[in-house]
Protein chains: 2
Amino acid sequence: MALLKSKVTISDVAKAAGVSNSAVSYALNGKPGVSEKTRDKVLKVADSMGWKPNSAAKALSDASSRAIGLALAYSPETISVDSYSMALFSGMCTELERNNYSLMLRIIPVGGDTMSIHRDWIADGSVDGVVITNVEIGDPRIELYKQHPEVPVVALADPSVTGGLPTLTSDDVAAARLVVDFLHELGHTHIARVAGPERYGHTFGRDRAFIEETSEMGMHYDCLHGDYSPEAGADCTARLMAFSEPPTAIVYDSDSMAIAGLQTAVAKGIAVPEQLSIVSWDDSFVCRAVTPGLTALKRNVPASGKQLVPMLLRQIAGEQVENELEDPYELIPRGSTAAACVPGGVR
Amino acid sequence: MALLKSKVTISDVAKAAGVSNSAVSYALNGKPGVSEKTRDKVLKVADSMGWKPNSAAKALSDASSRAIGLALAYSPETISVDSYSMALFSGMCTELERNNYSLMLRIIPVGGDTMSIHRDWIADGSVDGVVITNVEIGDPRIELYKQHPEVPVVALADPSVTGGLPTLTSDDVAAARLVVDFLHELGHTHIARVAGPERYGHTFGRDRAFIEETSEMGMHYDCLHGDYSPEAGADCTARLMAFSEPPTAIVYDSDSMAIAGLQTAVAKGIAVPEQLSIVSWDDSFVCRAVTPGLTALKRNVPASGKQLVPMLLRQIAGEQVENELEDPYELIPRGSTAAACVPGGVR
DNA sequence: TTGTAAGCGTTATCAA
DNA sequence: TTGATAACGCTTACAA
């Protein structure tokens, strides 16, 4: 109806080569069942006729689509700020490509529900596996895929929120320790965090890690939650700095919020890093682009995208997979952090 | 083999409802050929059994996949800097979603060849239509799709390089005029441009527009080409400023290069905007994030993504489509531009 | 209004 | 080693 297909079918090749359909199929798929002579002839004929397998027919026949599904709910504004997703796509695609798989992408407006997309995917077989990101606490997608153990899935989240589904996790606890230790060594005793939305599992995990780590270090810790938008970053920063005893360092859950925080501080006449240290969770080229450069937690997102693909392919091949850990974060110190400013005192 | 499909098929529903397969098909597709009574019964039964159409079977039967293909060649580093692609995805997906279409995404390492992906798509019918971006001069994809007029395609490029293929174009000539006029009014008589790769059709179009516009205005104009990387932006800026008579304003083809240019200037002790004005082609939140804010040419990329979808769907429906123009650019003046600094003189 | 059956292009079973 | 042939799940022309 829509697109004229490769008019050359297996039957055409069979006719031209003077053999049967099945002989052609075996020959083209490198399977036993044909003599070398027929195989050669078939291959030659198929090639000269420009035969390519029809994907729909193949999919129908062997119940696989060679596509991995990824459904995101994003606002158009937020998504262009989001270097994470793009890096994830690129990593996934690179690895999928090597296995002749495609990425089936669905992006719906924020507030929309991806559940119906997932239900369709499970039912209509248009994808061979699924990736779940931005897992929320009590996320209905987790329950859905637990009810469909036959569907290969990888959740990018903390195992505590994925209910036993195959999970690829970033070691946010270690990262939190990295930052807290770093700031502690700089003499900070009161730090704050401008976190992402509270409903996300990874936000919650970081929340817990920071509380634990700061309390262990005997540091004072405050936390506000935003939505990754620059506006939220600015607002939370203003509120934190309005405290009677404001923090001397703020860690932001995204570079967009960190940069907004930096601007807010500067606008308020708060010197960075002299009076306020700033750390961004997730590094991107903007962290290098601003002045001062933003100290950041860096992770290799494309690598994570690559890493998740074999976890999916192994499940598609019928194997069991274990949870995995991403490459560790690395702290990149830049100009936005310095020794704590002790109010009215000398260090 | 891979994923257990919706075990509920049309035959199952037919059996349960006590009618024939075709009756079920007609009923479920809202087509005439069944009585209202049977239709109701079928719908009820199908719903209670949780029937969902199998996508492969549907695709095989009516030769359509309900997916649009997009194949990009990008380096992992560049892509995370690239807010354009992400915004394009999001716009396309939003509109595709409303029509029950998916985006089939392929990203291969830079230097790789997307031609084989396109050839596969044409032959295996796994997508109903295709979007082509980053069209190069003499791009082989143009020739390929001209040889396959049956395949719905939209090229995001200047019509001069798309050989008559349906094209969605941004009015870069108007945008160039916008910038040149703006700088001219500020008194600049010698401006430069750090452009994208020369091989891209849109780079070439901008090159021409700038030459024309500046010569009309009697301005001196220089141009260097980079690859959108911050490194290239820094390098080209350094070279331009090393001229015996350096430009007083530079227009960059991407925000990543513009920001690198800004940093380079600052590092060299060149005051922005007092001694050098900077303009970024394409606005993103980084342009607001740096100090001074970057004057930028803004366009609504998600809107372009949305706009291209109907052009594709109409072709899929068998209609002819005309070339279209994107929403016009808008110049957003920020702190990075000011009146030209006349060397050794007063204005 | 209904049901039967052919066809879409593969893969895979089973006789020959 | 081969070649019919059924099966995958759906659409649709054709008969009843």
Side-chain angles (χ1 to χ4, degrees), chain A residues 1-43 46 49-66 100 120 122-126 128, chain B residues 1-42 45-46 49-66 100 120 122-126 128:
Chain A
M1 187 185 275
L3 189 152
L4 240 94
K5 297 317 172 56
S6 154
K7 289 275 61 160
V8 192
T9 74
I10 270 195
S11 306
D12 297 330
V13 176
K15 228 164 281 172
V19 296
S20 73
N21 276 13
S22 49
V24 175
S25 178
Y26 287 136
L28 291 168
N29 290 311
K31 295 200 175 170
V34 277
S35 65
E36 277 311 302
K37 225 172 61 186
T38 13
R39 183 186 304 276
D40 282 353
K41 197 208 299 179
V42 166
L43 288 178
M49 298 178 76
W51 175 86
K52 287 274 176 67
N54 175 287
S55 63
K58 195 164 223 149
L60 179 59
S61 177
D62 66 10
S64 91
S65 63
R66 301 205 82 82
N100 267 298
D120 284 352
I122 292 173
D124 73 11
S126 52
D128 290 350
Chain B
M1 189 186 273
L3 188 151
L4 240 95
K5 298 316 172 57
S6 151
K7 289 276 60 161
V8 192
T9 73
I10 267 194
S11 306
D12 297 329
V13 176
K15 227 164 282 170
V19 296
S20 74
N21 276 14
S22 53
V24 174
S25 177
Y26 288 137
L28 291 169
N29 291 311
K31 295 198 177 172
V34 276
S35 64
E36 278 311 303
K37 225 172 63 185
T38 11
R39 185 186 302 276
D40 283 353
K41 198 207 296 176
V42 167
V45 172
M49 298 179 75
W51 176 86
K52 287 275 174 67
N54 175 285
S55 63
K58 194 162 225 149
L60 179 59
S61 176
D62 67 10
S64 91
S65 63
R66 301 205 81 81
N100 267 298
D120 284 352
I122 291 173
D124 73 10
S126 52
D128 290 350

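Chain A is the first sequence line, chain B the second, and so forth, proteins listed ahead of strands; every chain is numbered from 1.
Rounded to whole Å, the distance from NZ on A/K15 to C1' on D/dG3 is 14 Å. Rounding to whole angstrom units, CG of residue B/N29 and P of D/dT12 are separated by 8 Å. One can place CG of B/L60 at 12 Å from P of D/dC10, the figure rounded to the nearest angstrom. Regarding B/W51, its CH2 atom lies at a distance of 12 Å from the P atom of D/dG9, rounded to whole Å. Here C/dT13 presents its C1' atom at 12 Å from NZ of A/K31, a figure rounded to the nearest Å. Rounding to whole angstrom units, CG of residue B/L28 and P of D/dT12 are separated by 13 Å. We find that CG of B/D124 is positioned 18 Å from P of C/dC8, with the value rounded to whole Å. We find that CG of B/N54 is positioned 17 Å from P of D/dA7, with the value rounded to whole Å.
Heavy-atom minimum distance, B/M49 versus B/A16: SD-CB, 3.7 Å. The two residues B/K31 and B/R39 make their nearest non-hydrogen contact at O-NH2, 2.7 Å. Taking every heavy atom of both residues into account, A/W51 and A/I10 meet most closely at NE1-N, 3.6 Å.
Judged by closest nucleotide on DNA chain D, A/V34 is the one of A/N21 and A/V34 placed further toward the 5' end. Of the two residues contacting DNA chain C, namely B/A23 and B/A57, the nearest-nucleotide position lying further toward the 5' end is that of B/A23.
In this structure, the nucleotide among D/dT12, D/dT1, D/dT11 sitting nearest to the side chain of B/I10 is D/dT11. When distances are taken from the side chain of B/K58 to each of C/dG9, C/dA12, D/dC10, the shortest belongs to D/dC10. Considering only side-chain atoms of B/Y26, the nucleotide from D/dG3, C/dG9, D/dC14 that sits closest is D/dC14. When distances are taken from the side chain of B/V19 to each of C/dT2, C/dG3, C/dT11, the shortest belongs to C/dG3.
Using a 4.0 Å heavy-atom criterion, one finds that A/S22 contacts the bases of the nucleic acid, with or without backbone contacts as well. As judged by a 4.0 angstrom heavy-atom cut-off over every strand, A/K37 is placed among residues making no nucleic acid contact. Using a 4.0 Å heavy-atom cutoff across all strands shown, B/S11 reaches no nucleic acid atom at all. Contacts of B/S25 with the nucleic acid, taken as non-hydrogen atoms under 4.0 Å apart, include base atoms.
Summarising the geometry, atom CZ belonging to B/R66 is positioned 8.0 Å from atom NZ belonging to B/K58; distances are rounded to the nearest 0.5 Å.
The side-chain heavy atoms of B/V34 and B/V42, taken from C-beta on, include no pair separated by under 4.5 Å.
The phosphate of D/dC8 has neither OP1 nor OP2 within less than 4.0 Å of any side-chain N or O from A/S61.
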